[in-house]
2 protein chains.
Amino acid sequence: MNNKEKLRKAGLRPTKQRMIIADILLGGINRHFTAENLQNEINSSGKSMSIATIYNCLKKFRNCGLIKQVESSKDTAIFDTNINQHHHFLNEDTGELIDIENDAVNLRKLPEIPQGYLNNGVEVLIKIKKQI
Amino acid sequence: MNNKEKLRKAGLRPTKQRMIIADILLGGINRHFTAENLQNEINSSGKSMSIATIYNCLKKFRNCGLIKQVESSKDTAIFDTNINQHHHFLNEDTGELIDIENDAVNLRKLPEIPQGYLNNGVEVLIKIKKQI
DNA sequence: CAAGTAGTTTAGAACGATTTTAAAGTAAAA
DNA sequence: TTTTACTTTAAAATCGTTCTAAACTACTTG
Ligand SMILES: [Mn+2]
Ligand SMILES: [Mn+2]
Ligand SMILES: [Zn+2]
Ligand SMILES: [Zn+2]
């Protein structure tokens, strides 16, 4: 399925701007990035896009499940093209995130989900720092 | 150990403002809160404190290990008085966090820590949402 | 205790990330 | 083709947080 079809299937009009972002984000190597990272990459390729549009698109993409947003205590939102359930190393010295594939982690025991609620995904974060 | 001693031991001068915050946060029931939550609570008790001071104190408390900051994709920083290693349910409908005690989770398999790095804590986040 | 000094608080300004506004532009529907 | 709803944009606004610089206070030293 090409990117235009992916957008259509997600209920999003394939505008010029969304196609530019889809071409960068979808179907390539997985990555973690900020809105500003993405704008810089668009600029480097000789194109340009309003930062408002970038935020609009990322929010739409996220709400459609085309990308995810990472839980992070940094003050800038971090997005993730890896939409499979997976886990992360967090380098606490640098803030860098590294993917951990889902099957590299195995949970022997989990608490009961509160009454009336559904498990909507489990994420493991392994904080690491450089050895001294 | 009383709060004044706790601050001293952490290398922090027990100022009037830090004692007010310590009295609210330390040694009570564990909770998750924002800087604004804390200011509202201080205000409700008839006291007042500059928001800059609240941020200053929370940062000092966090750096001393008296409180933690939660990994969260919300744009407001969330702090946690539970400084033990533990896990969370995240109610994705409301943003509410619920503590999961460390021994309620058991990890059978973890990936290898990258060469030259140390494991500095593992956090499990279980996202939940209301059943439909 | 009295001074001295180093650390702290504060209001307000500044900042950086994100959202809103409102007008112009574009994609899809009729 | 005309109409409609949706999208993009620059610029302003907003929001959480940090900075500035002056006043204040806790601790140290004499
Ligand atoms: Mn923030
Ligand atoms: Mn965040
Ligand atoms: Zn990832
Ligand atoms: Zn907690």
Side-chain angles (χ1 to χ4, degrees), chain A residues 2-25 32-43 47-64 66-80 95, chain B residues 2-25 32-43 47-64 66-80 95:
Chain A
N2 63 30
N3 287 336
K4 189 174 277 193
E5 288 169 340
K6 279 185 194 165
L7 293 177
R8 282 239 157 75
K9 191 171 159 215
L12 298 178
R13 287 187 181 177
T15 64
K16 177 163 146 272
Q17 289 79 0
R18 286 173 185 164
M19 284 301 294
I20 290 171
I21 292 180
D23 288 344
I24 292 174
L25 298 180
H32 306 112
F33 63 96
T34 66
E36 198 193 1
N37 294 156
L38 183 56
Q39 191 177 43
N40 289 338
E41 188 161 350
I42 291 168
N43 290 339
K47 304 187 179 92
S48 85
M49 198 178 302
S50 155
I51 192 68
T53 301
I54 291 175
Y55 278 106
N56 287 343
C57 289
L58 291 177
K59 194 177 282 193
K60 292 269 190 188
F61 279 33
R62 183 195 59 196
N63 292 343
C64 294
L66 294 169
I67 62 175
K68 295 208 288 190
Q69 183 171 355
V70 176
E71 300 291 326
S72 160
S73 59
K74 318 201 76 158
D75 52 13
T76 304
I78 300 174
F79 297 90
D80 194 338
Chain B
N2 63 30
N3 287 336
K4 188 174 278 193
E5 288 168 341
K6 280 185 194 166
L7 293 177
R8 282 239 158 76
K9 192 172 159 216
L12 299 177
R13 287 188 179 177
T15 64
K16 178 164 145 274
Q17 290 78 0
R18 286 174 184 164
M19 285 300 294
I20 290 171
I21 292 180
D23 287 344
I24 292 174
L25 298 181
H32 306 112
F33 63 96
T34 66
E36 198 194 2
N37 294 156
L38 183 56
Q39 191 177 43
N40 289 338
E41 188 161 350
I42 290 168
N43 290 339
K47 304 188 179 90
S48 84
M49 199 177 302
S50 155
I51 192 68
T53 301
I54 291 175
Y55 278 106
N56 288 343
C57 289
L58 291 177
K59 193 176 283 193
K60 291 269 191 188
F61 278 34
R62 183 195 60 195
N63 292 343
C64 293
L66 294 170
I67 62 175
K68 295 208 289 190
Q69 183 172 352
V70 176
E71 298 292 324
S72 160
S73 60
K74 318 200 76 160
D75 52 12
T76 304
I78 300 175
F79 296 90
D80 194 339

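None of the values given here were measured: they were computed from a predicted structure. Sequence lines set the chain letters: A, B, ... in the order given, protein chains first and strands last, and positions in each chain run from 1.
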| Does D:dC24 have OP1 or OP2 sitting under 4.0 Å from an N or O in the side chain of B:Lys16? | no
| said: Both A:Leu12 and B:Thr76 contact DNA chain D. Taking the nearest nucleotide for each, which residue is further toward the 5' end? | reply: A:Leu12
| request: Nearest whole angstrom, please: distance from the P of D:dT9 to the CG of A:Asn56. | output: 9 Å
| said: For a quick test of reading the model: is some side-chain N or O of B:Lys60 closer than 4.0 Å to OP1 or OP2 of C:dT8? | reply: yes
| Would one find a side-chain N or O of A:Gln17 under 4.0 angstrom from OP1 or OP2 of D:dT9? | yes
| said: Test your reading of the model: is there a side-chain donor-acceptor pair from B:Asn37 to the backbone of B:Thr34, 3.5 Å cut-off? | reply: yes
| said: Under 4.0 Å, heavy atoms only, any strand: does A:Thr53 hit a base, just the sugar-phosphate, or nothing? | reply: base
| request: Kindly point out which of C:dA17, D:dT9, C:dT8 is positioned nearest to the side chain of A:Glu36? | output: C:dA17
| field | Separation of C:dT26 C1' from A:Met19 CE (nearest whole Å) | value | 15 Å
| message | Distance check needed: D:dT9 C1' versus A:Asn43 CG, whole Å only. | response | 15 Å
| task | Find which nucleotide of DNA chain C each of B:Gly11 and B:Ile51 is nearest to by heavy atoms, and output the residue with the more 5' nucleotide. | result | B:Gly11
| field | Closest to side chain of A:Arg13, choosing from D:dC27, C:dA27, D:dA10 | value | C:dA27
| request: Please work out if A:Lys59 contacts a base, only the sugar-phosphate, or nothing of the nucleic acid, heavy-atom cut-off 4.0 Å. | output: sugar-phosphate
| query | Is there a donor-acceptor pair closer than 3.5 Å between any side-chain N or O of B:Gln69 and the backbone N or O of B:Phe79? | reply | no
| message | What is the distance, to the nearest angstrom, from the CG atom on A:Leu7 to the C1' atom on D:dT7? | response | 13 Å
| field | 5'-most by nearest nucleotide on DNA chain C - B:Asp75 or B:Thr15 | value | B:Thr15
| query | Just how far, in rounded Å, is P of C:dT19 from CG of A:Asn63? | reply | 11 Å
| message | Any heavy-atom pair between the side chains of B:Asp80 and B:Phe33 that's under 4.5 Å? | response | no
| said: Can you measure B:Ile42 atom CD1 to C:dT9 atom P for me and round it to whole angstrom units? | reply: 11 Å
| query | Between the side chain of A:Gln39 and the main-chain N/O of A:Met49, is any donor-acceptor distance below 3.5 Å? | reply | yes
| request: Indicate yes or no for a side-chain donor-acceptor contact from B:Arg18 to the backbone of B:Arg13 under 3.5 Å, with no hydrogens or angles considered. | output: yes
| query | Whole-Å distance between C:dG12 C1' and B:Tyr55 OH? | reply | 16 Å
| said: By nearest atom, which of the nucleotides D:dG16, C:dG12, D:dC27 is closest to the B:Ala52 side chain? | reply: C:dG12
| remark: When rounded to whole Å, the CG to P distance for the pair B:Asn40 and D:dG16 reads 11 Å
